[in-house]
Structure formats: structure tokens, C-alpha cells
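Notes follow once the structure below has been shown.
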Amino acid sequence: MKIALVGYMASGKSSVGQVLSQKLDHGFIDLDNAIEENVGCSISKIFHQKGELFFRKKESEVLISILREKPSFVLSTGGGTPCYGNNMETMLESADQVFYLRLSIPVLVKRLRTEKEKRPLIQSIAEEDLQEFVRKHLFERSPFYFKADHDIFCDGKTVNEIVQDIQAKLL
Ligand code: S3P
């Protein structure tokens, strides 16, 4: 089975994806890691040295090759993946199920405060502006996330509970 997880930055796509892949006995793929391997440097470096446009192009290319070439997987995408080009349509066509891991703005902001450094899009945003940035950004991105086959609300849930919610939808 081909499963893709989408959602805002810090929504737990990688942690949930890893546990889900073990439970389903599928391979786990983190799209950001696959891009880093393809380009040969970190996401932060790609943004700073080559720019966001280059990153988005690579993101689509690597996404398409994974969807085409791998027979089964749990794929965790980047927060922006479904929002650019035809990425979301491609995922909906090529994956068996796409899950949106949805969290409330306060929970996302709390997590992002401690994880800013590895995320080029929020690195330069001042502490006091982060909530407003996430509110606007999530508002723009939500229509893409909501195209997913399933919407999993994750506030207050452990990784295992989220995995159970996903597995219940796969039955
Ligand atoms: C991005 C999210 C990041 C990474 C890149 C861009 C975004 O992934 O792909 O920094 O546009 O939201 P995470 O969602 O894993 O942080």
C-alpha cells in the first residue's frame, strides 16, 4: 500500500510515519531526507544557497519518482509539499490513501518555537510574530491539506494514538 502523510510543519508527520510504517511493515520515506540525499545538502542549505524555487522543483521531482517507483511505503511529506504545482493531485492519484495530520494553531506554534532552527521558512520570524505567521500561513495552506482522503485531528494525542486512528481508517 502507498500512504502519504501531509500537514503543517511540526505536525508530527515523520514520527507518526515511522511508527505507522513499522505497524504496516512498509518502508518509511521522509521526503525532506530524500531531497537532501538527491541534492547532497541539508534543506536549510538548499534554501539559503539555491533558493526556495529550486527546492520546490526538486521537491516535486523527488515526490514523483517515489510515487512512481516504490511499490509500497509510508511517505511523510514537507509542510509545503501539497501546496505547490500538482503535488497534491499527483499524491491523490498515485497513493492509495493520503492523511492530513491536523493540529490547532496554539499547538503548532508551541512546537515550532522549539524547532525553528531547522526550518528555513520560519527561522527569521521573531518570537512575537510567530503565532500570526502560522495563522495566516495555515489559512492559505489548509485548502490543500483538506483535499486529503482523511483528516486526522491530532491535538492531545500520542504518536501511537494517531497511528491507531490512521489504521482504523485503513480497515
Ligand atoms: C516546509 C516544510 C519543511 C521542509 C521545508 C519547507 C514548508 O518540512 O520541507 O523547510 O514549506 O512548510 P517539515 O514540514 O517536515 O518541517
Side-chain angles (χ1 to χ4, degrees), residues 1-47 50 52-103 107-108 111-112 115 118-121 138 141-155 157-171:
M1 202 179 343
K2 299 183 182 191
I3 294 174
L5 306 180
V6 302
Y8 199 70
M9 288 176 269
S11 56
K13 300 172 298 265
S14 300
S15 328
V16 170
Q18 279 175 40
V19 175
L20 181 65
S21 73
Q22 284 160 11
K23 299 258 182 215
L24 298 176
D25 202 15
H26 282 22
F28 171 69
I29 304 169
D30 181 291
L31 184 60
D32 279 344
N33 289 347
I35 297 166
E36 289 179 335
E37 273 171 30
N38 179 290
V39 179
C41 66
S42 71
I43 299 293
S44 278
K45 268 204 178 141
I46 300 174
F47 266 76
K50 299 178 185 276
E52 183 171 356
L53 229 74
F54 175 90
F55 172 79
R56 296 298 172 198
K57 214 170 142 247
K58 273 286 159 203
E59 184 177 44
S60 289
E61 275 172 29
V62 175
L63 174 70
I64 288 169
S65 70
I66 290 167
L67 290 169
R68 276 204 194 127
E69 288 160 22
K70 309 268 177 191
S72 73
F73 52 76
V74 175
L75 171 70
S76 76
T77 61
T81 311
C83 315
Y84 290 87
N86 287 325
N87 293 348
M88 192 56 174
E89 283 67 28
T90 310
M91 279 191 274
L92 289 167
E93 278 166 21
S94 312
D96 296 297
Q97 304 284 341
V98 181
F99 289 89
Y100 170 27
L101 305 189
R102 181 165 57 88
L103 286 118
V107 174
L108 289 172
R111 288 190 189 180
L112 285 168
E115 297 178 14
K118 58 181 180 181
R119 295 195 162 87
L121 288 181
L138 190 61
R141 288 181 164 192
S142 288
F144 297 95
Y145 297 147
F146 277 118
K147 288 184 188 172
D149 299 302
H150 304 282
D151 166 23
I152 308 287
F153 186 60
C154 303
D155 272 17
K157 291 181 190 163
T158 63
V159 168
N160 280 321
E161 285 166 343
I162 298 165
V163 168
Q164 278 169 17
D165 286 355
I166 294 175
Q167 287 192 287
K169 304 271 184 196
L170 294 173
L171 294 175

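Excluded from the calculations below are hydrogen atoms, water molecules and symmetry mates; all remaining heavy atoms, backbone and side chain alike, are included. In this chain, residues are counted from 1 in sequence order.
Side chain of Thr77 to main chain of Leu5: a donor-acceptor pair is present (N/O by atom type, distance under 3.5 Å, no hydrogens or angles). Looking at His26, its side chain does come within 3.5 Å of a backbone N or O of Met1 through a donor-acceptor pair. A donor-acceptor contact shorter than 3.5 Å is absent between the side chain of Ser60 and the backbone of Lys57.
Here the shortest heavy-atom pairing between Leu112 and Ala10 reads CD2-CB, 3.6 Å. When all heavy atoms are compared, the tightest approach of Glu89 to Gly85 is OE1-O, 4.4 Å. Between Gly79 and Cys83, the shortest heavy-atom contact is O-SG, 4.1 Å. When all heavy atoms are compared, the tightest approach of Lys147 to Met88 is C-CE, 3.8 Å. Listed here is the closest heavy atom pair of Ala95 and Val98: CB-CG2, 4.3 Å. Listed here is the closest heavy atom pair of Leu92 and Ala148: CD2-CA, 4.3 Å.
With rounding to the nearest 0.5 Å, the separation of CG in Leu31 from NZ in Lys13 is 10.0 Å. The CE atom of Met9 lies 9.5 Å from the CG atom of Leu138; values are rounded to the nearest 0.5 Å. The structure places CD of Glu69 at 11.0 Å from CD1 of Ile64, a figure rounded to the nearest 0.5 Å.
Ion pairing between Glu36 and Lys45 fails under the 4.0 Å rule for side-chain N and carboxylate O. Under the 4.0 Å criterion applied to side-chain N and carboxylate O atoms, Glu52 and Arg56 are assigned as salt-bridge partners.
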Original post:
Would Ile66 and Leu63 count as a side-chain contact (heavy atoms from CB on, under 4.5 Å) if you check the C-alpha gap in whole Å, the side-chain angles of each, and the deciding distance to 0.1 Å?
Top reply: CA-CA 5 Å; Ile66 290 167; Leu63 174 70; 5.8 Å; no
Subject >> side-chain contact (heavy atoms from CB on, under 4.5 Å) between Phe54 and Val39, worked out >> reply: CA-CA 10 Å; Phe54 175 90; Val39 179; 4.1 Å; yes
**OP:** Would you please test Leu170 and Asp96 for side-chain contact (heavy atoms from CB on, under 4.5 Å) and show each step?
**Re:** CA-CA 10 Å; Leu170 294 173; Asp96 296 297; over 6 Å; no
Original post:
Could you go step by step and tell me if Gln167 and Lys23 meet the side-chain contact (heavy atoms from CB on, under 4.5 Å) rule?
Top reply: CA-CA 9 Å; Gln167 287 192 287; Lys23 299 258 182 215; 3.7 Å; yes
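Within a 6.0 Å radius of CG in Asp25, other residues, nucleotides and ligands contribute 12 heavy atoms or fewer.
Taking the six-membered ring where tryptophan is involved, the planes of Tyr8 and Tyr145 are perpendicular, since the angle between them exceeds 60° and thus also 30°.
Side-chain N/O atoms of Asp30 and Ser14 include a donor and acceptor closer than 3.5 Å.
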